[in-house]
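This structure is a prediction, so every number in the text was calculated from the model and none was measured.
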Amino acid sequence: MTLSALTPLAAEGGAIASLEDGINTVFEPIATFATDVVFWEVPLGDYSFPLIVFWLVVAAAVFTVYFKGIQFRSMPISWALVRGRYSRESDPGEVTHFQALASAVSGTVGLGNIAGVAVAVTVGGPGATFWMILAGLLGMCTKFVECTLGVKYREVHEDGTVTGGPFKYLPMAFNRFGSLASKIGVGIFAVALILFGALGGNAFQANQTYAQAKEITGGDDGWLGSAGASLGFGVLLALGVGLVILGGVTSIAKVTSKLVPFMAGIYVLACLAVIVGNLGAVPGAVGTIISSAFSPDGVTGGAIGVLIIGFQRAAFSNEAGVGSAPIVHSAVKTKHPVSEGFVALLEPFIDTVVICTMTALTIVIADVPSYSELQADAQAGGSVSSDAGVVLTSRSFDSFLPGFDNILTLAVALFAFSTLITWSYYTLKAWTTLVGRSKTKENIFKGLFLIFTVLGAVVDLGQVLNFADAMLFVCAVVNLLACYLLLPVVKREVTSFLAGLRSGEIAEVPKEERVGS
């Protein structure tokens, strides 16, 4: 007997189809209004620039100038901190620098690095890669600022657990305007984060994991092709997620610290195999990327259009400025808030400068026929979906690594799973900020989160996901305002920490006393 025979939800055109239609019908006007407001576009010649992307990129540029390009000067100290050379087991906090970094990276590295980049270099041409890298490099400083503040104002509870991130530094920034302004700012951020986390950070990831598993098992005709199978898959996925998140951030960090290096390593090695296997094409590909970045004949709207596509892809990929990453970074074991800022700035480097760029180079070098076909469609005014992006990325790999689509599916599934468990922690902290801390309240939320995991595998939430995307960038508006107001605080932390390193007051910790030794 099949799963579809065991549940009335699986009936063709039955309850699931009705549920999808009902949800999307109700949400369509809400999603349209939210996206029109949040992603309001400013005309620039033949193209238009989403104002939220401008908000994110300008903040990254301002922070970079304010801190004199600190992200370019601090790589040695960043890697030393990740390796635990300045952290003791006795330091306050719950996770190591490496675990915090892995957890945060797991929340950003996902389908966007595989499908989203393919769409960007198709619609914006190879030159979009250049601007994507630049935006990623600038975004490193945004992560530095927000994660330093996340640790600076965190609260370490009596049981050793930590609450930090924007929930703690937003009040410090907005209190100067009165307690009401502070409560409104924190409330907007927390509600928007929960809405995105339950839908985009949870249901969408479950949906994509199921879709990829279904694809490699025969599609609609395979054993995962029925609606009942999607329900069973969702339940199993929720059980797997539940086993991880019930252990709190320590459990999440342990899983992501193993999962992220593994999945990123597989993906980067595959990219390198294509690049090295086509070594003679690399100089030409790099030249094309650079020349196309400034070419007035770019695929969409000339040079300005190419710039916008690259900046948009980077902003949507690494979430620098959104305020999500500081939540998990605040749980780090450290006595020096800015030390985690130095660690966090590696995130956009890994996510955008390395992984997104590797994907773009692979596509440009492979230059499979479908790449030219999709570019022609884009030039003719057609749209390019993420589904087409996944196919393009897969075919680019298959041109040199036949059969890699199965490994790519595994990578997508691992990326989605790690994103899902990290967002469970982000949204839990938003929930406890709104309703208070207790084991019962936390477990209620975890149960609700897992219900959305199952729902995501079963139901196509098209309009809901558009709304969720808008909510994520509502967070960015509130978060970056606070970061601007607290820049002098970060500057003092930087000055004090670097002075301590120079004087020897802050010294490397003996190996036997380091975290995890």
Enquirer: So, Glu94 side chain and Val162 main chain: donor-acceptor pair closer than 3.5 Å or not?
Expert: yes
Enquirer: Report yes or no: do Asn202 and Thr453 form a side-chain donor-acceptor pair below 3.5 Å?
Expert: yes
Enquirer: Determine yes or no for a side-chain-to-main-chain donor-acceptor pair under 3.5 angstrom, with Ser330 supplying the side chain and Ile327 the backbone.
Expert: yes
Enquirer: Rounded at 0.5 Å granularity, tell me how far CD1 in Ile70 sits from CG in Leu498.
Expert: 6.0 Å
Enquirer: Can you tell me how far CZ of Phe63 sits from SG of Cys483, rounded to the nearest 0.5 angstrom?
Expert: 5.0 Å
Enquirer: Using the six-membered ring wherever Trp is involved, compare the ring planes of Phe144 and Phe67 and label them parallel, tilted or perpendicular (cut-offs 30° and 60°).
Expert: perpendicular
Enquirer: Rounded at 0.5 Å granularity, tell me how far CE in Met75 sits from CE in Met140.
Expert: 3.5 Å
Enquirer: Is it the case that more than 12 heavy atoms not belonging to Tyr66 sit under 6.0 Å from its OH atom?
Expert: yes
Enquirer: Nearest 0.5 Å please: distance from the SG atom of Cys147 over to the CZ atom of Phe342.
Expert: 13.0 Å
Enquirer: Begin from the C-alpha positions of Thr142 and Leu480 and carry the test side-chain contact (heavy atoms from CB on, under 4.5 Å) through to its verdict.
Expert: CA-CA 9 Å; Thr142 304; Leu480 286 176; 4.0 Å; yes
Enquirer: For the atom pair CG (Leu149) and CD (Glu340), what is the distance rounded to the nearest 0.5 Å?
Expert: 13.0 Å
Enquirer: Evaluate Leu237 against Phe417 for side-chain contact (heavy atoms from CB on, under 4.5 Å), listing each step before the verdict.
Expert: CA-CA 9 Å; Leu237 181 61; Phe417 183 79; 3.8 Å; yes
Enquirer: So, Phe449 versus Trp423, ring centres under 6.0 angstrom or not?
Expert: no
Enquirer: Walk me through it: do Phe497 and Leu501 pass the test side-chain contact (heavy atoms from CB on, under 4.5 Å)?
Expert: CA-CA 6 Å; Phe497 184 75; Leu501 288 177; 3.6 Å; yes
Enquirer: Using side-chain contact (heavy atoms from CB on, under 4.5 Å), reason through Leu361 and Thr129 one step at a time and then give a plain yes or no.
Expert: CA-CA 8 Å; Leu361 265 177; Thr129 307; 5.9 Å; no
Enquirer: Ignoring hydrogens and geometry, is there a side-chain-to-backbone donor-acceptor pair from Thr352 to Phe349 under 3.5 Å?
Expert: no
Enquirer: Do side-chain atoms of Thr96 reach the backbone of Gln99 as a donor and acceptor pair under 3.5 angstrom?
Expert: yes
Enquirer: Starting at CD1 of Ile365, measure out to CG of Asn278 and round the result to the nearest 0.5 Å.
Expert: 6.5 Å
Enquirer: Give a yes or no answer on whether the side chain of Glu146 reaches the backbone of Gly323 with a donor-acceptor pair at less than 3.5 Å.
Expert: yes
Enquirer: Determine yes or no for a side-chain-to-main-chain donor-acceptor pair under 3.5 angstrom, with Ser292 supplying the side chain and Ile289 the backbone.
Expert: no
